[in-house]
Amino acid sequence: RPHEVAYGNVMGVEASDEQVDNLFRIQKEFGIPISLTINQLNIPIEIFCSKNHRVTDAFVSWLQEFYDRGLRSCTLANNHMMRAGFLQTKFPEMLWKNTVNQQVSTAQQVVDYLYLGYNVIQLDRSLNRNMDELKRIKDVVENYKKKYPGKYVKTCMLVRESCMPS
């Protein structure tokens, strides 16, 4: 029996249409880029197995509305959708960020996420004092940039956050 499928809301709030309009106004008037965050790790199974890609197509259509208004940055926790590549094709100017909830904390994970199609790799806060691993991450990112010189790649890290770990 058909039912509504929606991503969960991990923060427990949703922006009103007026608030979203205001964010786009801030982006346009002040040049401050806005970013959409869809960082839930518990992804509805319907995203992967809906008949004729109905749910995925609905997601792309929903995201298209933001893209058409000028959104160019999105945090997305769905590695499968990223690896499939259709998001990067449909939204070629979008910067795709992984979520801090994925806890990327090794150079190998950074490489894995780059090859999934993410442009901005958000590193786990556990790396704040791990200079050896940060140096390895810098090396793998530089090697990746040499291999794919036209691709935008950036790393970033939260140095303080109030989310509960794990």
Side-chain angles (χ1 to χ4, degrees), residues 3-15 33-68 71-128 130 133-134 136-159 161-166:
H3 63 280
E4 273 305 303
V5 175
Y7 269 108
N9 186 335
V10 293
M11 300 305 285
V13 296
E14 290 202 25
I34 61 174
S35 186
L36 177 64
T37 301
I38 310 166
N39 66 348
Q40 174 186 333
L41 296 175
N42 183 17
I43 298 162
I45 191 70
E46 291 87 353
I47 285 283
F48 307 112
C49 62
S50 65
K51 196 174 210 173
N52 299 323
H53 305 284
R54 179 184 61 83
V55 175
T56 304
D57 290 348
F59 175 80
V60 168
S61 178
W62 174 80
L63 188 56
Q64 183 73 52
E65 293 178 30
F66 292 108
Y67 190 79
D68 290 345
L71 180 75
R72 293 299 182 268
S73 178
C74 183
T75 299
L76 184 66
N78 192 322
N79 293 345
H80 297 288
M81 288 173 75
M82 289 301 299
R83 180 65 181 113
F86 64 88
L87 293 172
Q88 297 89 328
T89 300
K90 182 73 175 166
F91 307 106
E93 296 175 23
M94 189 75 80
L95 290 180
W96 296 102
K97 299 186 239 179
N98 70 300
T99 173
V100 295
N101 296 336
Q102 291 164 320
Q103 299 178 323
V104 174
S105 59
T106 67
Q108 181 60 56
Q109 287 176 304
V110 169
V111 171
D112 294 344
Y113 278 81
L114 288 171
Y115 278 99
L116 285 172
Y118 290 100
N119 308 94
V120 179
I121 308 300
Q122 298 192 71
L123 303 173
D124 188 60
R125 65 182 175 195
S126 66
L127 291 167
N128 280 334
N130 189 341
E133 194 62 27
L134 287 170
R136 282 190 283 277
I137 289 169
K138 181 176 174 36
D139 288 344
V140 298
V141 167
E142 292 304 318
N143 287 334
Y144 186 87
K145 286 180 177 181
K146 286 178 189 170
K147 189 172 182 178
Y148 302 100
K151 186 167 180 183
Y152 178 86
V153 175
K154 183 176 180 178
T155 56
C156 62
M157 180 188 324
L158 291 175
V159 293
E161 60 159 320
S162 59
C163 294
M164 301 260 313
S166 303

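Quantities reported herein were computed from a predicted structural model and do not represent experimental measurements. Worth knowing before you read on, the calculation uses all heavy atoms, side chains too, and leaves out hydrogens, waters and symmetry mates. Start at 1 with the first residue, then count along the sequence.
Nearest heavy-atom pair, Thr99 versus Gln122, reported as atom, atom and distance to 0.1 Å: CA-NE2, 4.3 Å. Across Asp124 and Ser126, no two heavy atoms sit closer than the pair OD2-OG, 2.6 Å. Looking at every heavy atom in both residues, Tyr118 comes nearest to Leu76 through OH-O, 2.7 Å. Taking all atoms of both residues into account, the shortest heavy-atom contact from Met157 to Asn128 is SD-OD1, 2.7 Å. The two residues Leu134 and Leu127 make their nearest non-hydrogen contact at CD1-O, 3.3 Å.
Rounded to the nearest 0.5 angstrom, Lys97 NZ and Met82 CE are separated by 12.5 Å. Atom NZ of Lys90 and atom CG of Asp57 lie 9.5 Å apart (nearest 0.5 Å). How far OH of Tyr113 is from CZ of Arg83: 13.5 Å, rounded to the nearest 0.5 Å. Expressed to the nearest 0.5 Å, how far CG of Asn130 lies from CZ of Arg125 amounts to 15.0 Å. The OG1 atom of Thr106 lies 10.0 Å from the CG atom of Leu123; values are rounded to the nearest 0.5 Å.
Taking the ring pair (Phe, Tyr, Trp, His ring centres under 6.0 Å) definition, one finds that Tyr144 meets it with Tyr115, Tyr148, sequence neighbours left out. The salt bridge (charged side-chain N to carboxylate O under 4.0 Å, His left out) test applied to Glu93 returns Arg72, not counting sequence neighbours.
Looking only at distances, no side-chain donor or acceptor of Tyr67 sits under 3.5 Å from a matching main-chain atom of Val60. Proximity of a side-chain donor or acceptor of Asn39 to a complementary backbone N or O of Ala77 within less than 3.5 Å is not detected. Of the possible donor and acceptor atoms, none in the side chain of Asp68 sits under 3.5 Å from a partner among the backbone N and O of Glu65.
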Requested in this report: Go through Val100 and Thr75 one step at a time and tell me if the side-chain contact (heavy atoms from CB on, under 4.5 Å) criterion holds.
Outcome: CA-CA 9 Å; Val100 295; Thr75 299; over 6 Å; no
Report task. Any chance you could lay out the side chain to side chain donor-acceptor pair (under 3.5 Å) test for Asn79 and Gln102, step after step, and finish with the verdict? Result -> CA-CA 10 Å; Asn79 293 345; Gln102 291 164 320; 2.9 Å; yes
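Within the 4.5 Å cutoff, the side chain of Lys151 has no heavy atoms near those of the Leu114 side chain.
Applying the side chain to side chain contact (heavy atoms under 4.5 Å, CB included) test between Cys74 and each of Leu87, Thr37, Leu36, Leu95 identifies Leu36 as the sole match.
Ring orientation note: the planes of Trp62 and Phe59 are tilted relative to one another, at an angle of 30° to 60°.
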